[in-house]
Amino acid sequence: MPNIVVVGTQWGDEGKGKVVDVITPHVNVVVRYQGGNNAGHTVVVGREKYVLHSIPSGILHPHCRCVIGCGVVVDPASLIQEMEALVQRGVTLDGSLFISKNAHLIMPYHPALDRASEAKLGSRRIGTTGKGVGPAYVDKAARVGIRMADLLDERLFREKLEINLAQKNRILREIYDAQSFNIEEILNPYLRFAGWLAPYITDTALLLHRWIESGYSVLFEGAQATMLDIDHGTYPFVTSSNPVAGAACVGAGVGPRDIQEIWGVAKAYTTRVGAGPFPTELHDETGEEIRRRGGEFGTTTGRPRRTGWMDLVALKYAARLNTLSGLVVTKLDVFSGFDRIRVATRYRSQEEATFDRFPYHQSVLHHAVGEYDELPGWREDLADCRTPSDLPVNARDYLRFISEAVDVPITLIGVGPGREQVVWGDAVPEQFAPERQAA
Ligand code: IMP
């Protein structure tokens, strides 16, 4: 069975959670490989709506094992809240959830530093989720981070916490004029968390190796997205990890030869939360209409998302960086009733230069605007479409236009929020669409 990465191709919120949920019946394991509780996945199962931040959405499938890989930064308070909410709704975690011993912890001073830094940046702020993800990765790179395994050794945990607090408190007080922490207010709850989490903490890289060797199929779930990647995204308006598919190996602890399929997820339009360049952004009624119809408000922060047309310059860039084997287009239904749909195929710079490649310089990108091709829309509601031929001809033409431009076949199309509201594309490998095999 192939192993597959599901990666966002835009600025996040493409609906990866739902895509993972749809593919999960065909895999044995789902692994989150980066990010933290800055992510938010909403999955609708029947009438139940689940919002997940750190736990892979595969957890809603009883057969599936879920792993939080070493590349993830974990806020234990938030994770435990999520775990408790799942348990209360009858989801089994024992034997289903595995947390890497090497995953770094988000400590209470990380969100404090995140918010203080954003406040200090003022109009230059990044617009982070304020969850402390950036400062936790800073500590990881500075080699002073505290990891899951440290939670299980009280003496070591206290020692690392003392060293960190001495430094963080000075930064908070003296640079940011913010409140400092005392050790007991962190130590006591974190030792309680340790008791809660201990049964789940393990060497997940070793487990994955064994599972893959025994023929299990693994889905690697990316959080955030390519354009928010710290190396390849719109730096500095990015997250502090690598969402790109290549990072799945590092963040899970597998090798590149363990991955066969890479599916990129794009919304039929584009959204972005937080600050930073967005060449196809709409500031008019159409943008408002997309926000309203698409319910484009942040899962984690509730912030209204910025909205715009599909950006094929960015999508081509994402297809190349991730070596996509399949493209998933979500929320196609949002466009029903639009007379015309625009798609950016090029950018125009401040100096009126036109280009179809993603610009390498930040200053060019900041002033780039989309140049558009216009396609006819459709009036039909897509909610009940289940095969490509159920889709209106103009919707199919829209998809074909995107797929041809990026040279990646479409494997899956989202036509509504429900689990069943998907259309498998013609290019989906048989393993992931057994319904079609049976037909
Ligand atoms: P941070 O990851 O909280 O540091 O935020 C950095 C940037 O990434 C900000 O623009 C956030 O809005 C954005 N971001 C982080 N997580 C997500 C996500 O899950 N979806 C969309 N944007 C995100």
Side-chain angles (χ1 to χ4, degrees), residues 6-20 32-43 51-57 71-75 78 82 104 106-107 109-121 123-141 221-244 247 251 264-267 269-278 281 291 294-308 314 318 330-331 362 365-366:
V6 173
V7 59
T9 59
Q10 298 165 322
W11 280 275
D13 308 315
E14 297 92 348
K16 296 178 292 295
K18 175 178 161 179
V19 175
V20 170
R32 254 291 289 280
Y33 59 86
Q34 46 68 233
N37 56 326
N38 48 353
H41 290 331
T42 307
V43 183
V51 179
L52 299 166
H53 294 285
S54 298
I55 301 179
S57 34
V72 178
V73 288
V74 182
D75 180 331
S78 148
E82 225 170 286
H104 280 247
I106 297 181
M107 304 297 292
Y109 43 80
H110 290 133
L113 287 164
D114 194 353
R115 289 179 198 145
S117 155
E118 285 281 274
K120 187 121 189 141
L121 283 168
S123 63
R124 296 174 155 250
R125 70 185 170 275
I126 293 157
T128 72
T129 59
K131 300 291 179 189
V133 168
Y137 279 116
V138 168
D139 281 0
K140 174 176 177 174
E221 175 178 353
Q224 292 84 47
T226 306
M227 304 312 289
L228 289 171
D229 186 280
I230 190 164
D231 288 294
H232 302 285
T234 49
Y235 192 89
F237 300 98
V238 292
T239 193
S240 299
S241 63
N242 290 109
V244 292
V265 186
K267 261 194 275 221
Y269 46 93
T270 311
T271 64
R272 168 162 211 175
V273 274
F278 184 176
E281 183 165 16
R291 184 176 306 111
E296 297 298 347
F297 297 88
T299 315
T300 303
T301 59
R303 290 181 288 180
R305 295 178 183 141
R306 300 158 65 193
T307 52
T330 58
K331 290 196 154 183
Q362 182 189 339
L365 185 63
H366 273 261

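Since the structure is predicted, the reported quantities are computational estimates derived from the model, not experimental observations. Both ligands and their constituent atoms are indexed starting at 1 by order of listing.
Side-chain atoms of Arg272 and Phe237, non-hydrogen and from C-beta on, do get closer than 4.5 Å to each other.
Here the rule is side-chain hydrogen bond (donor to acceptor under 3.5 Å, both in side chains) with Glu296, and of Arg306, Arg303, Lys267, Arg291 only Lys267 fits it. The residue from Glu221, Lys18, His53 that alone fulfils the side-chain hydrogen bond (donor to acceptor under 3.5 Å, both in side chains) condition with His41 is Glu221.
The proximity of Val273 to ligand 1, defined as any non-hydrogen pair under 4.0 Å, involves the side chain as well as the backbone. With a 4.0 Å cut-off on non-hydrogen atoms, Trp11 touches ligand 1 through its backbone and not its side chain. At a heavy-atom cutoff of 4.0 Å, ligand 1 is contacted by no atom of Lys16, backbone or side chain.
By the salt bridge (Lys or Arg N to Asp or Glu O under 4.0 Å) test, Asp75 pairs with no residue at all, sequence neighbours left out. Partners of Asn37 according to the side-chain hydrogen bond (donor to acceptor under 3.5 Å, both in side chains) rule, which considers only residues two or more places apart in sequence or in another chain, are Ser78.
Among protein heavy atoms, atom 15 (C) of ligand 1 sits closest to Gln224 CG, 3.7 Å. Here the protein heavy atom with the shortest distance to atom 5 (O) of ligand 1 is Thr128 CA, 3.3 Å. Ranking the protein heavy atoms by distance from atom 11 (C) of ligand 1 puts Gly127 O, 3.5 Å first. In terms of protein heavy-atom proximity, atom 6 (C) of ligand 1 is nearest to Val238 O, 3.3 Å. Counting only heavy atoms of the protein, atom 23 (C) of ligand 1 lies nearest to Leu228 CD1, 3.7 Å.
The nearest pair of heavy atoms linking Asp114 to Pro135 is N-CG, 3.7 Å.
Below 3.5 Å of separation, one finds an N or O of Arg303 facing an N or O of ligand 1. Considering backbone and side-chain atoms alike, Thr239 places an N or O below 3.5 Å from some N or O of ligand 1.
Side-chain atoms of Arg32 come within 3.5 Å of backbone atoms of Gln34 as a donor-acceptor pair (strictly under, hydrogens ignored). Counting only distance, with no hydrogens or angles, the side chain of Asn242 and the backbone of Ala247 share no donor-acceptor pair below 3.5 Å.
Using 4.0 Å as the threshold, Arg305 has no heavy atom nearer than that to any atom of ligand 1.
For atom 3 (O) of ligand 1, the candidate residues are Asp13, Thr129, Thr271; the nearest heavy-atom contact is made by Thr129.
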